[in-house]
Amino acid sequence: MAEEEPRRRIPLVPENLLKKRKAYQAIKATQAKQALLNKRKQQKGKQIQFKRLEAFVRDSWRKHRDDVRLRRMEQRPGQTVVPQEHKLAFVVRIADIKGVSRRVKRVIDLLRLRKNFTGTFVKLTPLSLKMLRIVEPYVAWGHPNLKSVRELILKRGQAKIKKKRVPLTDNMLIEEHLGDCGIICLEDLIHEIYSAGKYFKKVTKFLWPFHLSVARHASRNKVGFLKEMGKPGCRGEAINQLIRQLN
């Protein structure tokens, strides 16, 4: 008889090590499953956006129109003399800026009008008047009275502190950030803006751009609502009616 081959000895693994391996595999399986669910959740929110040919044509036409308008404005500069009776302007963005030229976008960013129906106070200077002419087809602006300035700040005034919106409900907040300018309460802040005083730039930087309310029927009848809003450009004293409408 042939000699029997010696049996291979299977190496024994300690039981505690087997338990650790099993637990580790369970953890890795759970993590992989969770990662797959998160990926599906993200992909579900990201839908493929198709852009119609009309949108490309519209954007190209807008950019061409802006380039022609700005070129004409440089060739024939308009009046940039600041009126003595008005030092303050309120600017509201009332039109979309998709497809406009880079120069218009840059001025919109400088005015902090990144969304439709947002508004800011601007001190009228030759430079600011030139900026308003650049973005004239997309904004409405005019000269607000004291009542409009007061209503805007009391109803929609928010401070910008550490890139966060903070409602102006406490004078201590104003004194803490603007006390070195002699502004310690809401009335001082309103007076500084309306008079376009020495610290106007610092005060407007402290305030968040005003987010105005849009009528409920705007989503259903956008064309009719834009007709109610009126044409963009300088409105003079009529800007107060627009502020009442959107405030």
Are there more than 12 heavy atoms of other residues, nucleotides or ligands under 6.0 Å from atom NZ of K63? no

Got M131 and L111 here, is their nearest side-chain heavy-atom distance under 4.5 Å? yes

Apply side chain to side chain donor-acceptor pair (under 3.5 Å) to N116 and Y138, showing your working. CA-CA 9 Å; N116 281 352; Y138 309 100; over 6 Å; no

N240 side chain to E237 backbone, donor-acceptor under 3.5 Å: yes

Distance check, rounded to the nearest 0.5 Å: H191 atom NE2 versus L186 atom CG? 14.5 Å

Side chains of K19 and N16: does their closest heavy-atom pair fall under 4.5 Å? no

Would you call R156-E151 a salt bridge at under 4.0 Å N-O? no

Look up atom CZ in F200 and atom CD1 in I193, then write down how far apart they are to the nearest 0.5 Å. 6.5 Å

Given K87 and K123, is the side-chain contact (heavy atoms from CB on, under 4.5 Å) satisfied, shown in steps? CA-CA 6 Å; K87 296 181 181 180; K123 187 176 182 179; 5.5 Å; no

Transitively linked via ILVMFWY side-chain contacts under 4.5 Å: W208 with L246? no

Does Q31 reach the side chain of K28, with side-chain heavy atoms less than 4.5 Å apart? yes

Would you give the length of the straight line joining atom CG of D66 to atom CZ of R102, rounded to the nearest 0.5 angstrom? 13.5 Å

Minimal heavy-atom distance between P137 and A95, with the atoms involved, is O-CB, 4.2 Å

Is any side-chain heavy atom of R58 closer than 4.5 Å to one of K98? yes

Side-chain (N247) to main-chain (I243) donor-acceptor, under 3.5 angstrom: no

Treat each ILVMFWY residue as a node, draw an edge where side-chain heavy atoms are under 4.5 Å apart, and state whether L127 and V122 are in one component. yes

From L242 CG over to F90 CZ, what is the distance, rounded to the nearest 0.5 angstrom? 8.5 Å

Hey, what do you get for CG (D96) to CZ (R62), rounding to the nearest 0.5 Å? 6.0 Å

Would K202 and D180 count as a salt bridge (charged side-chain N to carboxylate O under 4.0 Å, His left out) here? Give the steps. CA-CA 11 Å; K202 188 172 182 179; D180 55 340; 2.9 Å; yes

Neighbour count above 12 (heavy atom, 6.0 Å) for Q245 CD: yes

So do the side chains of D59 and V100 get within less than 4.5 Å of each other, counting heavy atoms only? no

Donor-acceptor contact below 3.5 Å, side chain S148 vs main chain P144: no

Count the heavy atoms belonging to other residues, nucleotides or ligands that lie under 6.0 Å from CZ of R165, then report whether that count exceeds 12. yes

Looking at side-chain heavy atoms only, is the closest gap between L178 and I184 below 4.5 Å? no

Can any side-chain N or O of R112 pair as donor or acceptor with the backbone N or O of T120 at less than 3.5 Å? no

Whether the side chain of R93 engages the backbone of V139 through a donor-acceptor N/O pair (distance < 3.5 Å, no angle test) should be reported. no

Walk me through it: do I153 and V149 pass the test side-chain contact (heavy atoms from CB on, under 4.5 Å)? CA-CA 6 Å; I153 293 174; V149 175; 3.9 Å; yes

Might you confirm whether atom NE2 of H177 has over 12 heavy atoms from other residues, nucleotides or ligands at distances under 6.0 Å? yes

Return yes if a side-chain donor-acceptor contact under 3.5 Å exists between S101 and R65, otherwise no. no

Grab the two heavy atoms, one from F206 and one from L168, that are nearest each other, plus how far apart they are. CE2-CD2, 4.0 Å

Nearest heavy-atom approach of W141 to L129 is CH2-CD2, 3.9 Å

I need the I134 CD1 to K130 NZ distance, nearest 0.5 Å. 6.5 Å

Taking A26's backbone N and O only, do any of them form a donor-acceptor pair with T30's side chain (distance below 3.5 Å, no angle check)? yes

Non-hydrogen atoms of G142 and I239 that approach each other most closely: C-CG2, 3.5 Å

Stepwise side-chain contact (heavy atoms from CB on, under 4.5 Å) test for Q34 and K39: CA-CA 9 Å; Q34 189 63 39; K39 189 176 181 181; over 6 Å; no

Taking V57 as the starting point, is it possible to reach I97 by hopping between hydrophobic residues whose side chains are less than 4.5 Å apart? no

Could you walk me through whether L124 and L132 pass the side-chain contact (heavy atoms from CB on, under 4.5 Å) check? CA-CA 10 Å; L124 290 179; L132 290 174; 4.2 Å; yes

More than 12 heavy atoms of other residues, nucleotides or ligands under 6.0 Å from CD of E15: is that the case? no

Taking all non-hydrogen atoms of both residues into account, name the closest pair between D188 and G182 and its distance. OD2-O, 3.8 Å

Pairwise side-chain contact, T118 with V92, heavy-atom cut-off 4.5 Å (strictly under): no

Using modelled atom types only, decide if a donor and an acceptor are shared between the side chain of D109 and the backbone of R114 within a distance under 3.5 Å. no

Can a donor-acceptor pair be found, under 3.5 Å and without considering hydrogens, that links the side chain of S128 to the backbone of T125? yes

Keeping the roles fixed (side chain from E192, backbone from V203), state whether a donor-acceptor pair exists under 3.5 Å. no

Do V135 and W61 share a hydrophobic cluster (ILVMFWY, side-chain heavy atoms under 4.5 Å, transitive)? no

Kindly give the heavy-atom pair with the smallest separation between L146 and I190, and that separation in Å. CD1-CG2, 4.1 Å

Other residues, nucleotides and ligands only: do more than 12 of their heavy atoms fall within 6.0 Å of NE2 on H64? no

Pair F210-F121, ring pair (Phe, Tyr, Trp, His ring centres under 6.0 Å): steps then yes or no: CA-CA 9 Å; F210 297 90; F121 290 108; 5.4 Å; yes

Can you tell if the side chain of H143 reaches within under 4.5 Å of the side chain of R235, non-hydrogen atoms only? no

